[in-house]
> 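Following this message is one structure expressed as structure tokens.
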Amino acid sequence: MSTVESTATDNPELDLPSTPKKTSSVDTKKIVSDGLWNNNAVLVQVLGLCPLLAVSGSIVNSLALGLATMFVITTSNIAVSMIRNYTTDTVRLPVFVMIIASFTTCIEFLMNAFTYELYLVLGIFIPLIVTNCAVLGRADAFASKNGVFASALDGLMTGLGFTLVIVALGTIREVLGQATLFDNMHLLFGDIAQNWTIHIVDDYKGFLFAILPPGAFVIMGFLLALKNIVDKKLKERATALADKPVSGSRRVRTTGNIS
Amino acid sequence: MSVLHVTSPHVRKPMTTNAVMRHVIYGTIPGLAVLTLLFGWGTLINVVFGSLVAVAAEALVLRLRNRPILFSIKDGSAILTAVLLALAIPPTSPWWITVVGILFAIVIAKQLYGGLGSNPFNPAMIGYVLLLISFPLEMTTWIPANLTEGVAASPSFSQSLALIFGSVDRTVIDGITMATPLDTFKTYAGNDLDMLRSASVLQGSIAGVGWEWVNIAFLVGGLYLVARKIITWHIPVAMVTSLFLLAGLFYIIDPDSYADPIFHVLGGGTMLGAFFIATDPVTAATSNKGKLIYGALIGLLIYVIRAWGGYPDAVAFAVLLLNLCAPTIEYYTQPRAYGHKKANSGIAKS
Amino acid sequence: MSRQIWDIPGGIHPAQNKIQSLQTEITRADIPAELVIPTQQHIGAPAKPCVEVGDKVLKGQVIAEGNGFVSLPVHAPTSGEVIAIESRPIQHPSQIDGVCIVLKPDSNDTWGARHPIDNYQSLERNDVIDAIRNAGIAGMGGAGFPSAIKLGIKPGTKIEQLILNSVECEPYITADDKLIQERADEIIAGLEIMQWLVNPQETLIGIEDNKPDAIAAFKKATANNNIEVVVVPTKYPSGGEKQLIYMLTGKEVSSGGLPSDVGVICQNTGTAYAINRAIHHGEPLVSRITTVTGDAVKHKGNYEVLLGTPVDALLAQAGADMSAASRLIMGGPMMGFSIHDASVPVVKVTNCLLAPTTEEIPVPAQEQACIRCGSCAQVCPAGLLPQQLYWFSKSNELEKAEHFNLADCIECGACSFVCPSNIPLVQYFRFGKGQIRKHKSETIKADHARERFEFRQARLEKEEREKEQKRKARAEAAAKKQAAKKAAALANPPSDASGSPTTPGTDDVADTASNATKLKSAWASATKRWKDAEKALTIAEKNGSDQLEAFQKKVDQLKAKAEKTKALYEDAKTSAASTSPSSPSASPSPAVAPVSNDPMVQLKQASADNFKAWKDAQKKTQEAEANSADNLEALREEEATLKAKSDASKAAMKEARAKEKEAMQAKKATEDPTKQLKLDAAIARTKAKKALKALNSLDDDHASHAALKAAYEKALATADNADAALKAAEEA
Amino acid sequence: MTDDLSAVFSLVSMAVLFGSALGYAAVKFATDDDPIADQVDALLPQTQCGQCGHPGCRPYAEAVANDEDEINKCIPGGEDTIHAMADLLGKDFIPLDAEESDVVDVPMVAYIREDECIGCTKCIQACPMDAILGAAKQMHTVIVDECTGCDLCVEPCPVDCIDIIPEKVTHTTWAWPQPDGVGITPGQLIPVRNIA
């Protein structure tokens with residue numbers, strides 16, 4: 001009744017903690033689902049599109065670039081996570097870029113050594129992994145705030161999510177563009193993969209559009225749409241199952257409690 | 001009894017969108033007729049077949065989008081898209097070319113952007129460009145017009161049907177196909193003038209045998225549209241003028257490497273593009289000043305691509321590139337509103 | 001004619017359809033069985049009725065007074081009796097009823113007192129303008145802006161052109177045309193009055209070339225004076241005020257500005273006629289010429305109609321076959337609005353009544369997608385881009401719509417007229433404008449709310465602080481007093497009452513003083529707000545905002561508030577002045593004697609003391625327990641006794657309180673038994689309701705269910721009891 | 001060796017240069033107050049209703065500005081406010097997080113049924129706008145112009161005599177509705193009475 005109660009500052013509900021702070025414990029399941037689906041680097045954050053659209057003309061190219069990116073994300077995440085307590089906020093980005101560049105150089109040399117033809121095919125897009133926003137994004141958003149194991153897992157899952165999407169894109173483009181599957185896989189897997197090529201349609205005219213970047217954009221658009229449709233369906237199901245929140249449960253009385 | 005409660009104004013001019021589309025289709029009739037006369041029944045078959053595919057595709061997408069089907073099909077925009085695309089592709093192109101082009105035009109270029117009125121690009125030209133870059137061979141094999149020296153009469157109706165739908169060995173017709181005048185010019189001009197001068201497709205004509213007639217027919221149809229006030233003169237005139245001037249300039253500089261302006265204006269798809277493609281209101285600029293700029297830039301791009309680009313004809317590319325610029329042109333050519341000292345330009349910063 | 005005519009951009013040429021209603025002379029419409037006179041006939045604030053039901057009024061008598069700046073009086077259109085003042089359907093597109101004065105004519109049509117001004121030139125200009133205002137004359141072309149405001153130019157403004165708008169560009173309407181043909185001299189007389197009022201360099205009459213007879217009539221009437229008749233080509237909407245000004249003078253009224261800013265005043269033909277009637281004949285505006293036309297009407301033509309005549313009466317006289325009419329339009333086919341009820345009355349702005357058949361004006365077609373054909377931009381007389389405005393209005397992008405000058409749209413309908421996709425563009429623009437207006441008023445309201453909330457918080461805090469301070473001061477005073485008493489007792493045992501330095505009296509003085517300061521600042525801020533509002537009002541006036549009356553109201557409110565605070569402040573000041581010097585003597589005796597003779601207070605005191613003693617004892621005991629002291633037993637005993645004592649006093653107090661309450665209730669009951677019972681019953685019922693609600697929300701949980709049910713039943717029973725008691729009491 | 005040294009030197013000098021530039025910018029352009037919160041606060045309807053879970057609009061604005069709460073909690077503001085906040089903060093639009101399904105997007109005001117009011121003054125204390133007039137044992141009334149429809153006065157009322165009703169539309173507050181859109185015939189058929 002008194003005015004003491006009616007001032008906002010005295011309201012006991014005010015002292016409730018705001019949104020719970022992120023705990024340091026590792027939610028493995030969440031990291032996996034975020035990386036692969038819920039917060040997929042390509043389908044949700046729409047990051048790293050430059051190599052994605054340029055290189056995903058065939059499965060083998062996609063797979064190679066995806067694996068390389070996965071390697072860089074994972075290793076750079078680990079490295080960033082290890083030094084996270086020693087870098088100040090102002091210099092963190094240059095440091096992260098330096099780390100990522102180092103690992104990218106590693107993978108470039110490795111590919112040069114072991115998959116030389118693929119190295120030639122992918123060309124500039126291997127060094128360009130440095131500029132892949134997904135890599136820097138994970139380093140800054142996750143690895144710089146979490147432990148080594150969690151960061152490694154996050155890097156692996158983000159990279160895997162990226163790889164899955166780029167391979168899916170490569171598959172569709174390869175099928176549409178030249179009606180084959182697993183063409184040229186020997187570039188990546190060596191001679192045992194020489195005969196992996198599957199020809200789906202004989203005497204296919206070739207659909208150049210699918211191979212060219214505009215085709216990648218269109219197919220990418222359809223993949224995004226598909227993801228949104230699936231999410232919508234999932235959400236509908238979830239809301240159907242979920243309990244209705246109690247009306248007014250969150251309400252705070254700005255004028256205090258009137259008894 | 002009841003009365004209608006409705007906002008003013010209560011009277012309207014009797015011109016509907018459906019009628020606009022219908023008149024544009026009427027306007028293509030002269031061009032269609034000449035194409036049929038010169039190149040056989042192929043174009044007509046493509047127009048009819050393409051319209052059917054377009055209507056079916058439109059109905060399908062509208063159904064998926066839960067929109068009224070008949071209401072949208074009745075406006076005739078899908079048929080118009082099909083007609084324009086069918087006029088642009090070679091008369092002997094196989095049926096799946098038409099199907100792929102039209103599906104892409106209707107489903108992706110038009111309906112996925114929200115249907116009539118919301119598409120940023122001309123759907124027919126999107127379909128055409130897709131076909132051109134995906135199937136360059138099929139899209140550039142034209143049979144010569146039956147006016148050309150030493151060429152037999154154009155394919156009969158049944159021959160055309162067989163060429164389009166049959167599983168004829170396409171190599172048979174390869175024997176009777178020929179490069180288009182623009183293509184020929186592109187290949188030989190500046191390099192091999194003897195070959196250029198002896199090319200039969202260019203003999204005895206001002207813009208390739210038969211092609212000048214095609215363009216004149218489209219010009220006639222276009223003038224009909226201008227007369228019916230379906231389109232205004234700004235875009236076609238600006239486009240043709242800029243193309244003519246540019247071609248004239250370079251022709252004066254070096255007549256051996258560059259075709260004469262008449263050849264450019266009456267060759268290829270110039271008139272079809274000027275009156276029927278570039279004037280598509282949905283994707284063009286709307287103010288008069290904007291239309292002039294828009295048309296002139298299309299003419300410029302057509303010349304640039306024809307003269308120095310990788311493709312012989314460039315109407316489709318030029319129109320699409322300018323479609324992209326139309327909103328910008330629009331924002332910077334706003335008329336001055338009454339009571340304001342100067343015109344607005346750009347959009348509000350929010 | 002050598003005068004240059006500037007051409008407006010855009011414009012359309014709809015079918016004229018004016019011939020139909022030009023065939024007959026102006027007919028005087030019958031006086032209907034009842035006249036419904038809306039208090040709001042045009043933009044601005046509605047007038048305030050100043051007659052009562054049952055009053056007999058004479059023709060021309062004021063029945064409602066102007067209420068604010070942009071408001072005009074309303075006059076009785078004929079003599080008769082006021083039979084109702086109530087909400088009736090009026091001519092507003094919202095279909096919301098408005099307050100109307102319903103008049104039952106006595107069919108004598110007796111004029112009340114008329115005061116013609118024979119020689120207006122001998123009067124002050126303002127007096128003539130007041131006469132025009134008091135005659136209730138509003139622009140009779142469409143919006144109906146009060147003419148007196150237009151004519152009341154600001155001192156220092158030089159008027160170069162006075163324009164009489166006789167263009168009448170809307171199809172079907174011939175009211176002005178016919179009026180000119182028949183009464184050109186009277187119109188010119190009205191125009192001459194305006195000429196004298198604003199003293200323009202030149203006076204022009206703008207008229208379209210499709211009215212040859214009217215042009216001839218004007219030429220004849222203006223043969224002997226310096227008024228020039230300018231014939232403009234027929235094109236819609238050249239009759240728009242801004243458009244006509246541009247056509248005749250080449251001047252553009254800047255966006256948001258008034259014609260007088262560029263030295264032009266534009267008045268409607270009917271207005272000039274009405275001014276003539278008002279000045280030369282002393283007749284207020286009680287009737288007007290209205291065109292009744294459309295294929296559903298048999299006797300198409302122009303009628304001189306009393307304001308307030310219901311549309312159906314007029315249509316009946318014109319022989320309209322309403323079963324053939326597809327819609328009823330008040331105004332022209334381009335800008336008129338369809339009316340939803342045939343009992344809507346004719347008002348000052350009703351220049352036409354259109355009852356077209358379905359063949360004539362068909363049902364609108366379905367709206368199609370915009371294909372951006374640009375036809376609308378080609379015809380827009382204001383140079384706007386309707387296709388963009390449509391897009392922004394549709395998607396609620398109001399900022400962009402504003403940037404594209406939505407506010408400059410005159411809603412002429414030319415864009416909708418040419419739209420091949422049948423898009424109701426004008427409605428989109430009206431919607432967009434409404435949203436912008438709403439948005440602005442919401443922002444204002446939100447800011448206002450924030451201010452109030454913050455002020456409230458500040459006030460509460462301050463109150464809290466003051467209370468705290470007072471408490472502290474009181475405690476200090478008490479302590480000091482105690483000390484002083486002790487000292488006094490030690491020094492000189494005899495009494496000394498006025499020893500304490502801080503008496504409540506000074507406290508009071510300080511309070512009044514601070515109160516005065518507070519009031520002063522409140523007064524200052526109130527005055528400032530009032531001044532601000534006044535400034536806003538003048539700006540709004542200049543812009544011709546349609547919320548003028550709201551502004552006016554606000555200003556009045558604020559003014560009243562400012563004055564009130566001022567009065568309060570002055571009061572406080574005087575009271576402070578009066579209290580401060582006499583404080584020591586006038587202050588009540590210091591509260592040295594807390595011993596009240598109220599038994600309740602005594603009991604309370606005792607109870608509190610005892611309780612405290614017990615608590616102290618308990619504490620001590622606990623401490624002792626903790627320390628395992630020796631005197632634990634003694635302490636425990638003491639505690640127990642104290643507890644008993646405390647309990648006893650508590651019980652006594654409770655009893656006393658209950659008794660007191662009972663007594664009070666009894667007293668109340670004797671005073672007003674039903675009221676108390678009513679209250680009880682209401683509370684009980686609410687409790688029952690709440691219980692039932694809780695019960696309904698929770699029927700799964702058995703335990704709480706039962707409890708709640710019990711509670712509910714109990715509450716219900718209480719409520720019933722209370723009800724019964726109430727009934728009994730009421731019967732008693 | 002000199003190559004290595006020059007590389008190290010150039011990198012170090014670049015690091016020093018950019019680092020000092022950054023440091024300078026950090027000091028020079030430091031912002032001490034939180035203008036974002038002000039901007040967010042300006043977008044909120046200021047009903048002070050507390051339905052967002054914060055005691056007033058300002059605290060919610062601060063929470064949103066500090067990324068401590070979602071932008072979809074303001075029920076009186078509705079979707080327009082969410083859009084405005086999303087634009088301001090560069091976030092994605094998220095639908096209104098309404099606990100009550102019957103959220104209506106029309107302005108509301110409180111209305112006291114005056115013959116039932118017992119004059120307890122509880123609503124007066126509850127009103128964040130001071131928009132209720134009245135004194136003890138006197139019936140109360142709402143100043144409609146000041147009421148924001150926050151419904152904080154409803155719950156404290158012991159006799160439930162306060163209703164939250166939609167604000168009455170008048171000729172001045174009425175606005176044209178949006179046309180129904182593509183595919184719909186504009187206008188509505190209205191039965192007319194009193195036809196001669």
> Any sub-3.5 Å donor-acceptor pair from B/Arg12's side-chain atoms to C/Pro364's backbone N or O?
no
> Could you tell me which portion of C/Ala377 (side chain, backbone, both or neither) has an atom closer than 4.5 angstrom to a non-hydrogen atom of chain B?
neither
> Quick check on C/Lys251 against chain B: is it the side chain, the backbone, both or neither that has a heavy atom closer than 4.5 Å?
backbone
> Where does C/Glu360 contact chain B at under 4.5 Å (heavy atoms): side chain, backbone, both or neither?
neither
> Do C/Glu402 and C/Lys440 meet the salt-bridge criterion of a basic N to acidic O distance under 4.0 Å?
yes
> Please state whether the side chain, the backbone, both or neither of C/Leu398 comes within less than 4.5 Å of a heavy atom of chain B.
neither
> Please rank B/Asn18, B/Thr279, B/Val20 by heavy-atom pairs under 4.5 Å with chain C and give me the top one.
B/Asn18
> Need one label for C/Asn422: side chain, backbone, both or neither, based on atoms under 4.5 Å from any heavy atom in chain B.
both
> Between C/Cys169 and C/Thr234, is there a side-chain heavy-atom distance shorter than 4.5 Å?
no
> Examine whether an atom of B/Lys291 lies under 4.5 Å from a heavy atom of chain C, and if so say whether it belongs to the side chain, the backbone or both; otherwise answer neither.
side chain
> Counting only non-hydrogen atoms closer than 4.5 Å, does C/Ile329 touch chain B with its backbone (N, CA, C, O), its side chain (CB onward), both, or neither?
side chain
> Taking side chain as everything from C-beta outward and backbone as N, CA, C, O, which of these in C/Gln378 sits under 4.5 Å from a heavy atom of chain B? Side chain, backbone, both or neither.
side chain
